Amino acid sequence: MTVKERYASAKEIYAKAGTDTDAAIAKLKEVPVSLHCWQGDDVIGFDHDGPLTGGIQTTGSYPGKARTPQELMQDIEEVLKLTPGKKKLNLHASYAVFENGKFADRDRLEPEHFAKWVEFAKAHHMGLDFNPTFFSHDKMKDGLTLSSPDEETRRFWIQHGRACIRISEYFAKETGMPCVMNIWTGDGSKDVPADRLGPRERYKASIEEIIAQPHDPKLVKPCVESKVFGIGVESYTVGSAEFALSFAASHEGCLPLMDNGHYHPTEMVSDKIPALLAFFPEIALHITRPVRWDSDHVVLFDDETKEMAKEIVRNNALGRVHMALDYFDASINRICAWTVGFRSWQKALLQAMCTPYESLKKLQDGAQWTELMVRQEEQKMMPFGDVWNEYCEQCGTPEDSWFEEALRYEKEVLAKRV
Ligand code: RNT
Ligand code: ZN
């Protein structure tokens, strides 16, 4: 049977259960998901020669990583070919492109240093999201940035954040799409601190100064991302969950950003999404796969990934949740890491869109828990693969051939990077 024939049959089965699969496919095509540029080069960027620092770490040394802006753009283009769905591109400040050897430090970054990325985004009809880079830099003092007790250090990083607000606004104006600007630092300590409040008060004041940089709130959406711990920062994290959430709740226009690798292993971000939707008009997500720690493995089509997508789709919150991927595996083919992660999140969204939540919610409200259990289990056995294949065909990114194409690219392009 062809993909079309299988889809026709699946469509009928879904229709009987109350789902319009054509509508689901059409809807998913319009939902933007932000693709992170940093899977392509192990979060290094182009503005320094040093290693990745600041509480995050990649493991592995698979050959073929991008070493220049040109190589990274070429790799992203390949990923665009292999993945269905609408994309934004998520950049970090460390990916500035300095032309003719004209270097600018992070506190001096200007829109012109990202003109090449704007050109690239426009050519691919993508919006841009942005992140100031508060790591991998010699102006981190004792591992600290925005919470540093050293005023000169703190000022440097505030200036960096403010420069990034200006660049974010430039991105939004150029692409015609709002720019989500996420603030994350690895500030914290390896061992038991003597002062937990002081650093948080300085962190708060610093972020306040950053977002005070004038900007149109419709164009630039600043976020604060929380974390539980980092490598080398195991005992205390300044930007903890309570800190970030309280900051966003008390600062108009600032969004909370939840990265599902940044909580204790039994905490579920899927459950936190509706909790935040009850209070915030908009929230942001970093979608990853933590394995035992904040390991940033490639996103798979697993239970928690599905559950997170469900919470966004069934609460009609696609327009309120800014979704971005965030992982970096250096031990496997990076094009495939990007592609599998992006495709997994697309699958999760599509499957959620194919689930008849109105009738399931009625069962819950009527306390019909037996039938709800039965119907939810039935959903798991629906012919979802046939709908997914049809979606991929319509997007020109068939499920059964993308891997071969990725292998060709590895042989012809990546393997030559030595
Ligand atoms: C780190 C955070 C942060 C980074 C990116 C590169 O733990 O998740 O979002 O992964 O900014
Ligand atoms: Zn993150």
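Quick caveat: nothing in here was measured; it's all calculated off a predicted structure.
Between the CG atom in Asp42 and the CD1 atom in Ile56 there is a gap of 11.0 Å [rounded to 0.5 Å]. Between the CD1 atom of Ile76 and the CH2 atom of Trp338 there is a distance of 4.5 Å, given to the nearest 0.5 Å. The structure places CD1 of Ile335 at 11.5 Å from CG of Leu407, a figure rounded to the nearest 0.5 Å. Note that NZ of Lys4 and CD of Glu390 are 3.0 Å apart. Values are rounded to the nearest 0.5 Å. Rounding to the nearest 0.5 Å places CE of Met258 at 5.0 Å from CG of Leu276. The CH2 atom of Trp402 lies 7.0 Å from the CZ atom of Arg343; values are rounded to the nearest 0.5 Å.
Between Val387 and Pro383 the shortest side-chain heavy-atom distance does not fall below 4.5 Å. For the pair Lys29/Ile25, a side-chain contact is recorded, criterion being any heavy-atom separation below 4.5 Å from C-beta on. Between Met181 and Pro132 there is a side-chain heavy-atom pair separated by less than 4.5 Å. Side-chain atoms of Arg106 and Ser94, non-hydrogen and from C-beta on, do get closer than 4.5 Å to each other. Side-chain atoms of Asn333 and Tyr409, non-hydrogen and from C-beta on, never get closer than 4.5 Å to each other. When side chains are defined from C-beta on, Leu144 counts as touching Pro149, because their heavy atoms get closer than 4.5 Å. Side-chain contact check for Thr355 versus Lys306: every heavy-atom pair is 4.5 Å or farther apart. Counting heavy atoms from C-beta on, the side chains of Asp326 and Asn90 never come closer than 4.5 Å.
Annotation: Phe114 is not in aromatic contact with Tyr170 [ring centroid separation under 6.0 Å not met]. In this structure, His160 has its ring center no closer than 6.0 Å to that of Phe156.
For residues 72-95, the pairs satisfying ring pair (Phe, Tyr, Trp, His ring centres under 6.0 Å) are Trp38-His92, Phe46-Tyr95, His92-Phe135, with sequence neighbours left out.
Salt bridge Glu169/Arg166: absent, no basic N to carboxylate O contact under 4.0 Å. Between Lys141 and Glu152, none of the side-chain N atoms (NZ, or NE/NH1/NH2) sits under 4.0 Å from a carboxylate O, so this pair counts as no salt bridge.
For Lys310, the NZ atom counts as densely surrounded, since its 6.0 Å shell holds more than 12 non-hydrogen atoms of other residues, nucleotides or ligands. The number of heavy atoms from other shown groups lying within 6.0 Å of CZ (Phe279) does not exceed 12. Sparse packing is recorded around CZ of Phe403, with 12 or fewer heavy atoms of other residues, nucleotides or ligands lying under 6.0 Å away. Within a 6.0 Å sphere centred on CZ of Arg108, heavy atoms belonging to other residues, nucleotides or ligands number 12 at most. Within 6.0 Å of atom CZ in Arg6, 12 or fewer heavy atoms from other residues, nucleotides or ligands are found, so the atom counts as exposed in its surroundings. Annotation: Glu5, atom CD; neighbour count of heavy atoms from other residues, nucleotides and ligands within 6.0 Å is above 12. For Glu378, the CD atom sits in a packed shell: over 12 heavy atoms of surrounding residues, nucleotides or ligands are nearer than 6.0 Å. By the 6.0 Å contact criterion, CD on Glu151 is enclosed, its count of non-hydrogen atoms from other residues, nucleotides or ligands being greater than 12.
Ring pair Phe120/Trp117 is perpendicular by interplanar angle, where above 60° counts as perpendicular and below 30° as parallel.
Closest approach of Thr153 to Asp150, counting heavy atoms only: OG1-OD2, 2.5 Å. When all heavy atoms are compared, the tightest approach of Phe384 to Lys347 is CZ-O, 3.4 Å. In this structure, Ala330 and Thr58 approach most closely via the heavy-atom pair CB-CB, 4.1 Å. When every heavy atom of Gly64 is checked against every heavy atom of Arg334, the shortest pair comes out as C-NH1, 4.0 Å. The shortest heavy-atom contact between Thr397 and Pro84 is OG1-CB, 3.3 Å. Summarising the geometry of Ala244 relative to Val224, their closest heavy-atom pair is CB-O, 4.0 Å, with the distance given to 0.1 Å.
A donor-acceptor contact shorter than 3.5 Å links the side chain of Tyr236 to the backbone of Arg196. Thr19 places a side-chain N or O within donor-acceptor distance of the main-chain N or O of Cys354, the cut-off being under 3.5 Å. With hydrogens and angles ignored, the 3.5 Å screen pairs a side-chain donor or acceptor of Asp329 with a backbone N or O of Ser331. Counting only distance, with no hydrogens or angles, the side chain of Asp41 and the backbone of Lys65 share no donor-acceptor pair below 3.5 Å. A distance-only check finds no donor-acceptor pair linking the side chain of Thr305 to the backbone of Phe301 [under 3.5 Å]. Side-chain N or O atoms of His48 include none that pairs as donor or acceptor with a backbone N or O of His137 at under 3.5 Å. Checking side-chain atoms of Asp259 against main-chain N and O of Glu225 turns up no donor-acceptor pair under 3.5 Å. Counting only distance, with no hydrogens or angles, the side chain of Thr175 and the backbone of Met177 share a donor-acceptor pair below 3.5 Å. A donor-acceptor pair under 3.5 Å is formed between the side chain of Asp187 and the backbone N or O of Thr145. In this structure, the side chain of Glu404 does not engage the main chain of Ser401 through any donor-acceptor pair within 3.5 Å.
Looking at Trp184, Tyr203, Trp157 one by one, the single match for ring pair (Phe, Tyr, Trp, His ring centres under 6.0 Å) with Phe134 turns out to be Trp157. When each of His36, His297, His286 is checked for a ring pair (Phe, Tyr, Trp, His ring centres under 6.0 Å) with Tyr327, only His36 meets the rule.
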Walk me through it: do Thr21 and Tyr7 pass the test side chain to side chain contact (heavy atoms under 4.5 Å, CB included)? CA-CA 9 Å; Thr21 50; Tyr7 177 63; 2.9 Å; yes

Yes or no on salt bridge (charged side-chain N to carboxylate O under 4.0 Å, His left out) for Lys139 and Asp105, after CA distance, side-chain angles and deciding distance? CA-CA 10 Å; Lys139 286 269 169 34; Asp105 209 350; 3.8 Å; yes

For Arg155 and Glu209, run salt bridge (charged side-chain N to carboxylate O under 4.0 Å, His left out): C-alpha distance rounded to whole Å, both residues' side-chain angles, the deciding distance at 0.1 Å, then the answer. CA-CA 10 Å; Arg155 294 244 65 84; Glu209 274 198 62; 2.5 Å; yes

Please report the C-alpha distance between Ser148 and Arg202 in whole Å, then the side-chain angles of each, then the deciding distance to 0.1 Å, and finally whether the side chain to side chain contact (heavy atoms under 4.5 Å, CB included) criterion is met. CA-CA 7 Å; Ser148 174; Arg202 290 191 290 272; 5.9 Å; no

Could you walk me through whether Lys122 and Glu119 pass the salt bridge (charged side-chain N to carboxylate O under 4.0 Å, His left out) check? CA-CA 5 Å; Lys122 281 182 179 168; Glu119 203 180 288; over 6 Å; no

Go through the steps for Glu208 and Phe247 under the test side chain to side chain contact (heavy atoms under 4.5 Å, CB included), then give the verdict. CA-CA 9 Å; Glu208 279 169 348; Phe247 188 96; 3.9 Å; yes

Apply side chain to side chain contact (heavy atoms under 4.5 Å, CB included) to residues Gln39 and Asp75 and explain how you reach the verdict. CA-CA 10 Å; Gln39 167 60 62; Asp75 290 356; over 6 Å; no

